Amino acid sequence: MSKRFYITTAIDYPNGSPHIGHAYEKMCADAIARFKRLDGFDVFFLSGTDEHGQKVQRNAEKQGITPKEFVDGLSAQFRAMGEAFDLSYDRFIRTTDEDHTHACQALWKRMEEKGDIYLSKYAGWYSVRDEAFYDEAETTLQPDGTRLGGQGTPVEWVEEETYFFRLSAYQDKLLALYDSGNFIAPQTRRNEVVSFVKGGLQDLSISRTTFDWGIPVPGNDKHVMYVWIDALTNYITGAGYPDLDGPRGKYWPADVHIIGKDITRFHAVYWPAFLMSAGVAVPKQVFGHGFVLFKGEKMSKSLGNVQDPFELVKRFGADQLRYFFMREIPFGQDGSFTEEAIINRVNADLANDLGNLAQRSLSMVNKNCDAKVPAKGALSDEDRALLDAAYALPAEARTAMGDYALHGVLNAIWKVVGDTNRYFAAQAPWALRKTDPQRMESVLWVTAEVLRVIGIMTQPFIPGAAPKLLDLLAVAEEKRLMAHAESSHALVPGVELPAPQGLFPRIVVEAGEGA
RNA sequence: GGCAGUGUAGCUCAGCUGGUUAGAGCGUGGCACUCAUAAUGCCAAGGUCGGUGGUUCGAGCCCACUCACUGCUACCA
């Protein structure tokens, strides 16, 4: 009975090309998924695109193509982004996938059987221009008798037949859920949701008749399911719902939904209520991460500062961006980036600290130890202290990962990288080469062994370079799990090593290029 | 307006249930070394811990007030 771990990201709405914010969420979730695999879990990692809705339908019409053709093109871009950032999805789900329709309709029927869905009318002040309903309090009555919405656009009274979900019946159960553990993280998001739910819940409109690009409501084709039923259900579609006894059913309930903080409510209120209604287990946790800002400002089309993830990868590299964002931004908080910050961080941590450490030590091994794992002599206190720090990493990392503190994991690892550089300088193996070659070998062995542990531990974050580092140390493919990051799997002296190669080139800013 | 949160070195942040000289990384200045990707190491400067007033033998950490900033306050996602 192996340990299982099911992690999802939000599915993206493809009404435009992906931006770096989409990539950020996915790379963080990917690092978590990879970390759990590294730690011996049977992981299922789900991401995808949310493809229905009025906006897609309209955009497709504008281009004179079908909605499906429209989303096919954009969904492909999101999938390409996954490849560009080395994302290890186990499935890339699309809400236009056949099994998803089946899952949504099954969920709907269960909720209906429970008596939680009823047909009624949704009425309110609607702004055609904003495509949004406004609360009466948000509107203002003009002298000429017309009424304007929150954005200053005209609104009209609209009544539409719609199905409602009896969300109001779930207030107490939801509050009990929030009370029982850490269903919502981080804490600040939890506070917001709790206060929202305590304020009282209204029933939720869950169908539309004004467009048809969506999943039909079972038994009433005039209606399609509205956003959240359709979108959220993807998480159980991924587990094979309604057949949770099938091959993937074992993954449900999900361990964590990684989402942007802006959609916390939908995941922490509506979603568990739907599931409770349908008699399906609720996910274990919803984690709302922060936003990535560019130079401290939100990125938007109007500001013209949207950062293209593909361009960034081309310029800096996938490992570099992954490392930067996960190290620099405490996971859960907002964070800002600039090209200069990326260059500084990448050069300092990856090129200078880790890359150069590997290079300086392994090139000595190559030249002075016959290109073999050096001989390990009696260990000094300094050797012992450094090795202990390295071997302590798995436990420290697991602790930090318990709160999905990706930055904390990297912090701990790079503390050891720093320790190793200090150790290397203090032991000065280049001097020992002349005075005490045996001791030199020991120092090089300790350094290489620590690099082995670092290589193992960094795999979730820099999945391109970490395996290369392990290759340089001739670590077998099957000995690269976290369980191997201990002394019983240490490097064996005498094993042949390949010639060292640079792991991370320094990023050089060309003259005249602003950073 | 209501609720919640944040404010600690130039920058980004740690600071456990209050307890000797408030920490890290980056940046800055100086020195050392030469194995290495002009990389690394050492040393140093630098903060009245937003402000005021309390509680306490003692507060960055507790209380009150105050200033600034942020988020949430339902059906665009």
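All figures in this text were calculated on a predicted structure; none of them were measured in a lab. Numbered from 1 within each chain, the chains take letters A, B, ... in sequence-line order.
Using a 4.0 Å heavy-atom distance criterion, A:Leu204 is classed as a base contact. The residue A:Gly200 sits close to a base: some heavy atom pair falls under 4.0 Å. Residue contacts shown for A:Asp353 are limited to sugar-phosphate atoms, with no base heavy atom under 4.0 Å away. At the heavy-atom level, A:Leu362 lies nowhere under 4.0 Å from the strands shown.
Comparing the same atom, C1', in B:G27 and in B:A68 gives a spacing of 26 Å after rounding to whole Å. Rounded to whole Å, the C1' atom of B:G30 lies 44 Å from the corresponding atom of B:U66. Taking atom P in both B:G1 and B:C11, one finds a spacing of 29 Å when rounded to whole Å. Comparing the same atom, P, in B:U6 and in B:A14 gives a spacing of 10 Å after rounding to whole Å. Nucleotides B:U20 and B:G60 have their C1' atoms positioned 16 Å apart, rounded to a whole Å. Spacing between B:A39 and B:U28 at atom P, rounded to whole Å, works out to 11 Å. The C1' atoms of B:U21 and B:G47 are separated by 14 Å, rounded to the nearest whole Å. Distance noted for atom P between B:C13 and B:G54: 33 Å (whole Å).
Counted by atom type alone, A:Glu192 and A:Thr264 present zero donor-acceptor pairs between their side chains at under 3.5 Å.
Across every strand in view, B:C11 sits in a pair with B:G25 that passes the Watson-Crick or G-U test at under 3.5 angstrom. Nucleotide B:C69 forms a pair with B:G5, judged by Watson-Crick or G-U wobble geometry with both contacts under 3.5 Å. If you check B:A36 for Watson-Crick or wobble pairing at under 3.5 angstrom, you find it has no partner at all. When both distances must be under 3.5 Å, the Watson-Crick or G-U wobble mate of B:A64 is B:U52.
Of the candidates B:C75, B:A77, B:C35, B:C75 carries the atom nearest the A:Tyr122 side chain, counting heavy atoms from C-beta on. In the set B:C35, B:A36, B:C75, B:A36 carries the atom at the smallest distance from any side-chain atom of A:Asn356. For A:Glu192, the side-chain atoms get nearest to B:C72 when compared with the rest of B:U40, B:C72, B:C75. Counting only heavy atoms from C-beta on, A:Arg506 has its side chain closest to B:A39 among B:A39, B:C35, B:C75. Ranking B:C35, B:G71, B:A39 by closeness to the A:Phe424 side chain, first place goes to B:C35. The side chain of A:Phe504 sits closest to B:U37 out of B:U37, B:A74, B:C76. Of the listed nucleotides (B:C76, B:C13, B:A4), B:C76 has the atom at the smallest distance from the side chain of A:Lys55. Nearest nucleotide to the side chain of A:Leu503, out of B:G41, B:C35, B:U37: B:U37.
A 6.0 Å sphere centred on CD of A:Gln438 holds no more than 12 heavy atoms belonging to other residues, nucleotides or ligands.
Residues A:Arg360 and A:Trp430 form a side-chain contact, since some pair of their non-hydrogen atoms from C-beta on lies under 4.5 Å apart.
Distance A:Phe196 CZ to B:G2 C1': 15 Å, rounded to the nearest Å. A:Arg360 places its CZ atom 14 Å from the C1' atom of B:A38, with the value rounded to the nearest Å. Between the CG atom of A:Asp334 and the C1' atom of B:U6 there is a distance of 12 Å, given to the nearest Å. If you take CG of A:Leu410 and P of B:G25, they are 16 Å apart, rounded to a whole angstrom.
Cation-pi geometry between A:Arg208 and A:Tyr226 is satisfied (NZ or CZ under 6.0 Å from the ring centre, within 45° of the ring normal).
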